[in-house]
2 protein chains.
Amino acid sequence: MTVIFSKKCELGLQAVLYLSAFPKNTLFSALEISEKINAPKEFVSKILQTLTTSGIIGSKKGNSGGFFLKIDPGSVRLIDVVSAIDGLDLFRNCVLGFPGCSVDEPCPVHETWGKLRNETYTMLSNQTLAELRDITVNKINSLKK
Amino acid sequence: MTVIFSKKCELGLQAVLYLSAFPKNTLFSALEISEKINAPKEFVSKILQTLTTSGIIGSKKGNSGGFFLKIDPGSVRLIDVVSAIDGLDLFRNCVLGFPGCSVDEPCPVHETWGKLRNETYTMLSNQTLAELRDITVNKINSLKK
DNA sequence: TCTTAATCAGACAAAAAACTCTGAAACAAA
DNA sequence: TTTGTTTCAGAGTTTTTTGTCTGATTAAGA
Ligand code: SF4
Ligand code: SF4
């Protein structure tokens, strides 16, 4: 069960985090990545393809080809991946699903949710992959097992 | 597109909020409620049925029957509705979809997300429907149009 | 040059979520 | 007692999301 993001987005985030734990432009096959994040190879492959079109990830065909982080880790934030896969509607909609969001007619959780929504956005956007690197490496290694 | 909750849960929340805007035990048919929250009648009906089994809502069959808020608005919180429909797994899972949540091997957003998650939980649980009543009435009336 | 291993594109399949239908039971009012 | 309106239970349908397959293309290395 997902929390906020779609499965695609969760796996996309995990894959990008995995790649960011290694020097830029290091190649990994979809198989390697999928085994590491424990997800079906073809599905991971499809997700990485969409991230390729959005420019975050690069790909190389042929024998010993694979995927790699194309943008410098100092220039990619988690929100960029979310934006490329799920989009940013999440940060514009009402938690309770009410149609209009207006200051005049706020829903019962308007104020608190607005604040939490902004903080979530900040969480995903004010640190780059480079800044998250140490903790990411730690997490990735623990997945290995 | 939903933000955190399923469509069922959003509509369940809206329906309960709607009922809480009126004196306890006031009957409304599924049709009336569905028109007000702008959703298919049968779907709303199904959702209210599940809330009936969980005890938050009561129902009365037959001519001039309908649904009504069964528990005192001073004793129901939004989290109770969420719990009855979507469950509370949401508040236990990782935003990034990583399997294990441990203090030893935190994911890159562990600390911030943990905090936001708790605040979201608090937002949904520290106010009763009775306390939200004024702002709810305001919101409900604006939906009328 | 040939084999092998990889991405890519797009169709396809399965599963889950959202939504609908049908028939039965309850019951108020004519 | 009959008629009309409602919930209820469960099956059925549709749509969306998730996941798979196939065949084409690319390229490294024997
Ligand atoms: S900001 Fe508040 S009122 Fe506006 S849509 Fe979001 S939760 Fe609803
Ligand atoms: S608390 Fe942090 S590390 Fe643990 S599952 Fe949630 S986001 Fe991941």
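Worth knowing before you read on, the calculation uses all heavy atoms, side chains too, and leaves out hydrogens, waters and symmetry mates.
- Distance L48(B) CG to dT20(C) C1': 16 Å, rounded to the nearest Å.
- From Q14(A), atom CD reaches atom NZ of K139(A) across 9.0 Å, with rounding to the nearest 0.5 Å.
- One can find a donor-acceptor pair under 3.5 Å joining the base of dT4(C) and the side-chain atoms of N63(A).
- Annotation for D72(A): atom CG counts as buried by contact number, over 12 foreign heavy atoms lying within 6.0 Å.
- One atom, CG of L27(A), and another, C1' of dA27(D), lie 12 Å apart when rounded to the nearest Å.
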Tabulated below should be each protein N or O lying under 3.5 Å from an N or O of nucleotides 11-21 of chain D; please produce it.
unit_1	atom_1	unit_2	atom_2	d
dT18(D)	OP1	K7(A)	N	3.1

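- Protein atom CG of L19(A) is 12 Å distant from nucleotide atom P of dT7(C), rounded to whole Å.
- Comparing T52(B) and K60(A) by the nucleotide of DNA chain D whose heavy atom lies nearest to each, the residue mapping closer to the 5' end is T52(B).
- dA17(C) atom P lies 14 Å from atom CD1 of I47(B), rounded to whole Å.
- Here the straight-line distance linking atom CD1 of I85(B) with atom CG of L13(B) works out to 6.5 Å at 0.5 Å rounding.
- Taking the six-membered ring for Trp, F22(B) and F68(B) have ring centres at least 6.0 Å apart.
- As a whole-Å value, the separation of E35(B) CD from dT6(D) P is 11 Å.
- A salt bridge links K115(A) to E119(A): at least one charged side-chain nitrogen sits closer than 4.0 Å to a carboxylate oxygen.
- At whole-Å resolution of the value, NZ in K61(B) and P in dG23(C) are 17 Å apart.
- F67(A) places its CZ atom 17 Å from the P atom of dA5(C), with the value rounded to the nearest Å.
- Side-chain rings of F91(A) and Y121(A) approach one another, their centers coming within less than 6.0 Å.
- Between the CZ atom of F68(A) and the C1' atom of dT7(C) there is a distance of 12 Å, rounded to whole Å.
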